[in-house]
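Structure first, then comments.
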Amino acid sequence: MLKIKHRQKECIGCDSCIELAPDYFEMNNDGEATLLHKIGKDGPWIQGEGFVSDIEALDEAAAACPVQIIVIDR
Amino acid sequence: MADHPECGLEAPFKLSYVLFHRNTMSESPNLELLAPAGCYPSLQAALNNGADAIYFGLAQLNMRARARRSFEGGDLPEIMERIHAAGKKGYLTINTILYDHDLPLATSLLVEAKRCNVDGVIVSDIAGMEAAFELGLEIHISTQLSISNYPSLKFFARWADRVVLARELTLGAIKRIHKEIEANDLRGPSGRPMEIEAFAHGALCVAVSGRCDMSLYTSNASANRGACEQNCRREYTVTDTQTGKQLVVDNNYIMSPNDLCTIEFIDRMVDAGITTFKLEGRARAPEYVDAVVGAYRKAIDAVEDGSFTPELVDTLMPGLNKVYNRGFSTGFYFGREGGWSGAPGSKATHRKVLVGPVRNYFAKAGVVVVQITDSKVSSGDDYLLVGPTTGVVKGRLEDLRVEGEPTELAKQGSMVSFAVPERVRLSDRMFIMVPVGNA
């Protein structure tokens, strides 16, 4: 499994990660992307898991994030 | 200063004309100095230095969403309590482009703004404007809408009491818009004559009033949603892709304008019909807000009491030069006369260096004790004490003492005490202002 880390508090709601990896991110009522499949929290980071087969979409979501708050650990 | 042909102002300009003109206006509104705040120390610095009103953003729906200094939604009650306790006005900025998914947050912020008696909301998106209007909030149209003529302003007068005009207008163009407002007795929903707000000081943008997509194209970071990466502020070279040769240009910072400074001709801004003087800088440090608000307060007061002179401006400029700036120009008020930053970052004559935290304050004696954790201090240094409730207290170090003994130099690790002119707090930190180059 892949580890996904997301600092939701700094999200500016551009919607890109939801477009690129809709199985992993959704928009909440505060206009912030929120990570699905959460497994924990580490300081400001919300942690989740993803399938290795989804690496392309997750990497694209991380690269597109304008405030660089998505990290994918292999 | 030379008049631009587009400006329409007579030269030499006579101050008496301003005063006469203003006295003849019916319902002449008071001039308002509008200061930025992105954090509590800046907010307090603005209040302490005589700002008439403060504007601020919350959460991600403001044009400084990326800024390190930023308020959260939950800060609104305290922000407004502080502003109203000081008898000033507070304006909430929600001036990003709004996507559908932003609307619940925008609406909840506006509802909270109404509950906290916010004095006005600065909006650009029509959805935000309509939502604010339905809630009965006073609306100010953001410069992001680039209002540049009277019919556009008149259109928005159905919803808004004030328009922040496009930064690209000349004083002559502003004056013509103002005359139309007066001639047509154009009023906003409050019944007051429509008010003109304009930028008086701070950063300029290479794009039309900030409507730039460069950052969006390069990094998916929309400047119109407060995420500008400031690509324009970087150094660029021009490369011939066939040969790889790089062209030498005089100024590699070819997209980075220097900053706006109007203090020299603030009287002419008044004459053009501007009633609110907006200082840019929600992402700037508290000492910036302290210095810029203080200087413009003195200048505007002088215009109002008839004592505004070039000599006064000369006394105010060193304070403006001391804090963050990219060099100054007159913006577009006389047509584009200004230049480019020509260098990265600030051209401030001073920079602040952290000394350490405040450890004690003796109110009766007016003496502060600071632990020197970072940088030594010497007698004669200019200091700042900065904190969320204090704002900025500044002065020159005199009668420096370490463990009660007078000293000229206090080194790292020591506890230093000295007299301060105002109350400071344990939440404050001390800095010294060091001339650039003397790090």
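Hydrogens, waters and symmetry mates are skipped; everything else that's a heavy atom, side chains included, is used. Treat the numbers as computed from the prediction; the structure is a model and nothing was measured. Letters go in sequence order (proteins before strands), and every chain restarts at 1.
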What is the minimum heavy-atom distance between [X] and [Y], and which atoms define it?
{"X": "Asp30(A)", "Y": "Leu105(B)", "result": "O-CD2, 3.1 Å"}
{"X": "Pro66(A)", "Y": "Ala221(B)", "result": "CB-CA, 3.4 Å"}
{"X": "Arg225(B)", "Y": "Ile12(A)", "result": "NH2-O, 2.9 Å"}

Would you find more than 12 non-hydrogen atoms of other residues, nucleotides or ligands less than 6.0 Å from [X] atom [atom1]?
{"X": "Arg7(A)", "atom1": "CZ", "answer": "yes"}
{"X": "Glu56(A)", "atom1": "CD", "answer": "no"}
{"X": "Lys38(A)", "atom1": "NZ", "answer": "yes"}
{"X": "Asp100(B)", "atom1": "CG", "answer": "no"}

- request: Look up atom CG in Leu103(B) and atom CG in Asn29(A), then write down how far apart they are to the nearest 0.5 Å.
  value: 11.0 Å
field: Donor-acceptor contact present, side-chain Gln60(B) to main-chain Cys14(A), <3.5 Å
entry: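 Not at all, since once roles are kept as given, no pair shorter than 3.5 Å links the two residues.
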- prompt: Which answer fits Glu32(A), side chain, backbone, both or neither, if we ask what part of it has an atom under 4.5 Å from a heavy atom of chain B?
  reply: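 Both parts, backbone and side chain.
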